[in-house]
Amino acid sequence: MLLFFIVGLLVHFVFFASIFDIYFTSPLVHGMAPQFPPLPAPARRLVLIVADGLRADALYKVDENRNSRAPFIRNIIMHEGSWGISHTHVPTESRPGHVALIAGFYEDVSAVAKGWKENPVEFDSLINESKYTWSWGSPDILNMFAKSVGNHVFAYSYDANNEDFGAQDVTKLDTWVFDRVKDFFHAARNNQSLFSKLNEEKIVFFLHLLGIDTNGHAHRPTSREYEDNIKIVDNGIKEIVALIKEFYGNDEKTAFVFTSDHGMTDWGSHGAGHPSETYTPFVTWGAGIKYPQKVPAQQFNDAYLKEWKLEYWKRQDINQADIAPLMASLIGVPFPLNSVGILPVDYLNNTDVFKAESMFTNAKQILEQFKVKMTQKKEVTLPFLFTPFKLLSDSKQLDLLRKARSYIRQGKYDEAVFLCKELIHLSLKGLSYYHTYDRFFLGINVLLSFVGWASYTSLLIIKFHSSLSRGVSKEVKKPSHLLLCSFVAIGILMAFFLLIQACPWTYYVYCLLPVPIWYAVLREYHVIQDLVASLLAFPPSHFVGYLLACALGIEVLVLSFFYRYMLTAGLIIFAGWPFITQLWTRAKSISLSWIFFCLLLAVFPMMPVVGRKPDIFLVMGAGLLVLLLSLFVVPSLIKRKDGFVSDKLFLHLLQMLGTVLSMYIVYSTHNNLLKKQGLPLFNQIVSWIILGSSFVVPLLSPRSLSERLFSILVSSMSTYLLLSTGYEALFPLVLSCLMFIWMHMEQEILQLSGVPCVQKVTSIHFSYNADTTPFRQLCLEDIRRAFFLVFFLVTAFFGTGNIASINSFDLASVYCFLTVFSPFVMGALMLWKIFIPFVLVMCAFEAIQLTTQLSSKSLFLMVLVISDIMALHFFFLVKDYGSWLDIGTSISHYVIVMCMTIVLVFSHSPFKGKAYHGFSKKMGLMFGTSYSCKENHVWDSEPTDDLE
């Protein structure tokens, strides 16, 4: 059995990693020649100002008196420059947003494991191409562009600890930048070396302003703090523009760009694709930029123009990556080598020949990437297998380039620009084609592994945990050597095929994995024969009915990832379970409790996503309910006659004290942050102590099953309260009540089936013995139990929000632990919040496995098959087209199912043998891997499955 679990773990890690290798590989290529613009640039210097987290509507909208909260920027729009909306791409986070702005390419998905604080692949950028760049702002952003670019980039940043969501005044992050820029220019007048550098051409000033984003997270974008921060930024920009103009003697050689990396939702989060996150302001003015253009009418898909009172000033929307080539064109540096942005020529105030030449340079720069990508793929593919991108052959490239150059010489600049745009679009399509060239091949191999593994697991269930094969099979023959030799030959041929194509080592893993898996499947051909014979003897109508029921159940699970209300529908159906069995007449009180809590839990998926409507009093209410339940347990502890009453009572009161402290810390932290007094040190220390103790205290609780499970609930709830902001604090409590009733329901079902010696939940005790789980064969009811487990696990994940969407995470959830921005710590805390309901369901299911006298291995294998079938669904549903939100969500769903499966494998790892006896004692206390009877029943140990 140990070998099976080790292999299963490795196989699922391969399945998990495959999606990153197939979809999350870096699109960047290297080795392109830089493309220089041939004509003089209109500007000698560029000032780039990025207001992190600024929404377009927050900047542009006016009050009822037509007064703007950003009067200086408003004046620029109406009298000096051009404006529009910059459309960002998912994920709407700071690092990918700034990379798109400054380097011209969208999210490098291979950076998904980097916490979005750095890019794992070296890339070219406007800053790298500049002669000198001076930047001020957050260290998270500045260091990314100043890293490994030589000594021509100068970064000035504040300490990362200043990025505190609980600080009294976070606008100081922006005023710090403005003050340092002022000091810098004042100091330059007395520093001849610096003064001469500042008077060079092709220089960039980059101001990163983090205050608006921090205020948005802490107080929401509709708050007074967020709006006041916009006023401070507007006034600061006004002063900096005046300062720079004065420093350069109003030479009109400075271009200004003001924009944002991403927006923010009304509930203060970002990362997904809501318009409030993807619509960011873009305002540019100065050298080389068109002046405002008045128009009689404009047509856009939104109603913002009228709301903003800007319907008569021409709005020009662009994609975020288009800003990089625009800035490069303004100061005359080569377009960033990895840029996929298209130069927005309508923003340029220059000659037609300048626009045409700039577009021609843009087209050649993107075509260079296409050529390099094609060459790389051609070199590692056998000539007879290589399929080129037909829409952009070598002759087509030359033809488009010659025509565009000819049009420029003839003065047909509009035609030249049109041809260059066509060449750019074809090059981008070709880049995508070669980037996904091996996707189908790898996907087929992973699919074969998936189907093979699910088939093998199903055969093991039939072979070792059912009477199906034993009743039919009469003689088991060893597999022939021909089968083994055939699969060895297939493996050698596949390895040779990959070797001559110089494929990466991961390709060997994905392509060779199906070989041993399918060999293992075909080795069990006698089980397959027995299965087929049994199915043929089964009534066809019953078989079709069971098959449809299983398919419908799995489809409901899959749909619940997309539509949370499917969980509500499922729970309502579950509420009717007692009526289709004899439970309603046999155990009416338990059935009524089951119906009540199923319907109560069904309410949660219909509620708004967590964080959008915080309510601290609901968190307090959940804490009071936990205390009330804890008080009901106290009398039973006092009445006990054993010698450990004082210890058990003390431990129970200690857990109650933890709940009281959690309630106090939540309330105190909330009030302190409202008053802008920051996170109290006492609250922070106690929060971490409560979190740590929640792992230890349940191990010290009594060995009675019900008492142990209640101890796990109270300890988990203490931590969960600290991580809650509203109604979700009630969710684990309701879920646990339903799990406890589920345990009783399964006992009643087992008694109805006539299984003897069924213990009551209260009579089961944990023991220090090794695995003494009673053993019986599987039945159809056990498939239903496995399905219930998977359904409740999915409910635990999605009951209070869509965790596949980044903006479902509310940073306010972790403010009891820390307020200084730390993505890894904050992410770990929010993941643990999601994992707590998962743990509660798993503990309840372990208890059910004990009470129903069923092998934990057999139930685990059934759950594994269901999870793998779901993962296979999501593997097919992964998208590489459409919106970035759709692509990201589809990949997230696959990752969630695979993570759930890997956690299940870990939680059922066979660390119960003699070699791990000491370890299993401790884990058995926590998760209930074995038990003993109060009555004088003696159970036989479960037979060891020879799965090796």
Enquirer: Under a 3.5 Å distance rule, please check whether N338 uses its side chain to pair with a backbone N or O of F123 as donor and acceptor.
Expert: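 Checking the backbone N and O of F123 against the side chain of N338, no donor-acceptor pair under 3.5 Å is found.
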
Enquirer: For the backbone of K290 and the side chain of S82, can you confirm whether one donor and one acceptor N or O come within less than 3.5 Å of each other?
Expert: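 Yes; judged by distance alone, with no hydrogens or angles, the pair exists.
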
Enquirer: Can you give me the closest heavy-atom contact between F335 and A328, atom names plus distance?
Expert: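 What the structure gives for the nearest pair is CD1-CB, 3.6 Å.
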
Enquirer: Quick one: does any side-chain atom of Q369 pair with a main-chain N or O of L337 as donor and acceptor, under 3.5 Å?
Expert: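 Yes; at least one donor-acceptor contact below 3.5 Å.
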
Enquirer: Return the minimal non-hydrogen interatomic distance between N445 and P514, and the atom names on each side.
Expert: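 In this case the closest contact between N445 and P514 is O-CG, 3.4 Å.
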
Enquirer: Given the rule in the side chain to side chain donor-acceptor pair (under 3.5 Å) test, do N319 and H89 qualify, once you have shown the distances and angles that lead to the verdict?
Expert: CA-CA 8 Å; N319 290 319; H89 278 191; 4.8 Å; no

Enquirer: Taking the side chain as everything from C-beta on, heavy atoms only, tell me whether Q365 gets closer than 4.5 Å to M32.
Expert: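 They are not in side-chain contact.
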
Enquirer: Does the side-chain contact (heavy atoms from CB on, under 4.5 Å) test come out yes or no for I896 and F874, once each step is laid out?
Expert: CA-CA 10 Å; I896 290 167; F874 291 118; over 6 Å; no

Enquirer: Specify the closest pair of heavy atoms between F450 and D868, including all atoms of both residues, with the distance to one decimal.
Expert: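 That closest heavy-atom pairing would be CE2-O, 3.9 Å.
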
Enquirer: Whether the side chain of H893 engages the backbone of F561 through a donor-acceptor N/O pair (distance < 3.5 Å, no angle test) should be reported.
Expert: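 At least one qualifying donor-acceptor pair exists.
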
Enquirer: Hey, does L864 have a side-chain heavy atom less than 4.5 Å from the side chain of T901?
Expert: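 A side-chain contact under 4.5 Å exists here.
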
Enquirer: With distance as the sole test, does S86 use its side chain to make a donor-acceptor pair with the main-chain N or O of T280 at under 3.5 Å?
Expert: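 Pair absent, no side-chain N/O of S86 close to backbone of T280.
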
Enquirer: Assess the pair Y347 and F282: is the distance between their ring centroids shorter than 6.0 Å?
Expert: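 For Y347 and F282, the ring centres are under 6.0 Å apart.
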
Enquirer: Any chance NZ of K377 has more than 12 other-residue heavy atoms, nucleotides or ligands included, within less than 6.0 Å?
Expert: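 More than 12 heavy atoms, drawn from other residues, nucleotides or ligands, come within 6.0 Å of this atom.
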
Enquirer: So, the side chain of D322 versus the backbone of I342: is there a donor-acceptor pair under 3.5 Å, distance only?
Expert: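 Yes.
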
Enquirer: Which value, rounded to the nearest 0.5 Å, describes the distance between M144 atom CE and S94 atom OG?
Expert: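 One gets 8.5 Å once the value is rounded to the nearest 0.5 Å.
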
Enquirer: Can you tell me if S260 uses its side chain to pair, donor with acceptor, with the backbone of A51 under 3.5 Å?
Expert: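 Looks like yes, one N/O pair under 3.5 Å.
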
Enquirer: NE2/H98 to OG/S138 distance, rounded to the nearest 0.5 angstrom?
Expert: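 One gets 8.5 Å once the value is rounded to the nearest 0.5 Å.
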
Enquirer: Apply the test side-chain contact (heavy atoms from CB on, under 4.5 Å) to residues Q397 and F370: give CA-CA distance (whole Å), side-chain angles for both, the deciding distance (0.1 Å), then the verdict.
Expert: CA-CA 11 Å; Q397 297 171 32; F370 168 79; 3.3 Å; yes

Enquirer: How many angstroms lie between OG1 in T375 and OH in Y434, if you round to the nearest 0.5 Å?
Expert: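 Atom-to-atom, T375:OG1 and Y434:OH are 9.0 Å apart.
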
Enquirer: When you compare the side chain of E201 with that of I331, does any pair of heavy atoms fall below 4.5 Å?
Expert: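 Side chain of I331 against side chain of E201, heavy atoms only: no contact under 4.5 Å found.
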
Enquirer: What I'd like to find out is whether the side chain of F354 reaches to under 4.5 Å of the side chain of S329, using heavy atoms alone.
Expert: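 In short, these two side chains touch, coming nearer than 4.5 Å.
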
Enquirer: Are V417 and K421 side-chain neighbours, meaning at least one heavy-atom pair lies under 4.5 Å?
Expert: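 Side-chain contact under 4.5 Å: yes.
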
Enquirer: About how many Å separate CD of E93 and CG of D52, when rounded to the nearest 0.5 Å?
Expert: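 Separation between the atoms: 9.5 Å.
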
Enquirer: Stepwise, does the side-chain contact (heavy atoms from CB on, under 4.5 Å) test hold for L101 with F206?
Expert: CA-CA 12 Å; L101 283 170; F206 173 35; over 6 Å; no

Enquirer: With distance as the sole test, does R55 use its side chain to make a donor-acceptor pair with the main-chain N or O of G263 at under 3.5 Å?
Expert: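 Checked: no pair found.
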
Enquirer: Are the side chain of Q320 and the backbone N or O of D261 linked by a donor-acceptor pair below 3.5 Å?
Expert: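 Between the backbone of D261 and the side chain of Q320 there is a qualifying donor-acceptor contact (under 3.5 Å).
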
Enquirer: Determine the minimum heavy-atom distance between S358 and L343, stating which atoms define it.
Expert: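 Heavy atoms of S358 and L343 come nearest at CB-CD2, 3.4 Å.
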
Enquirer: Are side-chain heavy atoms of I289 and L330 found at a separation under 4.5 Å?
Expert: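 I289 reaches L330 side chain to side chain.
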
Enquirer: Do other residues, nucleotides or ligands put more than 12 heavy atoms under 6.0 Å from the OH atom of Y508?
Expert: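 Counting neighbours around OH of Y508, more than 12 heavy atoms of other residues, nucleotides or ligands fall under 6.0 Å, so yes.
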
Enquirer: Please give me the minimum heavy-atom distance between E277 and H270, naming the atom from each residue.
Expert: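 Nearest pair, atom of E277 first, then H270: OE1-CA, 3.0 Å.
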
Enquirer: Out of curiosity, D399 CG to L392 CG, how far, rounded to the nearest 0.5 Å?
Expert: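 Spacing of CG (D399) from CG (L392) equals 11.0 Å.
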
Enquirer: Quick one: does T133's side chain get under 4.5 Å of F145's, heavy atoms only?
Expert: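 Side chain of T133 against side chain of F145, heavy atoms only: no contact under 4.5 Å found.
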
Enquirer: Is the backbone of A103 close enough, under 3.5 Å, to the side chain of D124 for a donor and an acceptor to pair up by distance?
Expert: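 No: the side chain of D124 does not pair with the backbone of A103.
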
Enquirer: Quick check for you: to the nearest 0.5 Å, what is the distance between L426 atom CG and L431 atom CG?
Expert: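 Taking CG in L426 and CG in L431, the distance rounds to 11.5 Å.
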
Enquirer: V446 and V14: side-chain contact (heavy atoms from CB on, under 4.5 Å), yes or no, with the steps?
Expert: CA-CA 9 Å; V446 173; V14 171; over 6 Å; no

Enquirer: Taking 4.0 angstrom as the limit, do R405 and E357 come out as a salt bridge?
Expert: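 Looking at R405 and E357, the cut-off is met.
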
Enquirer: Using a cut-off of 6.0 Å, state whether more than 12 heavy atoms not belonging to Y563 lie near its atom OH.
Expert: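 No - once you tally the heavy atoms of other residues, nucleotides and ligands closer than 6.0 Å, there are 12 at most.
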
Enquirer: Are any non-hydrogen side-chain atoms of L126 and V333 less than 4.5 angstrom apart?
Expert: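 A side-chain contact exists here, since the closest heavy-atom pair is under 4.5 Å.
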
Enquirer: Taking all non-hydrogen atoms of both residues, which atom of S449 and which atom of F15 are closest, and how far apart?
Expert: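 Closest approach of S449 to F15: CB-CE2, 3.5 Å.
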
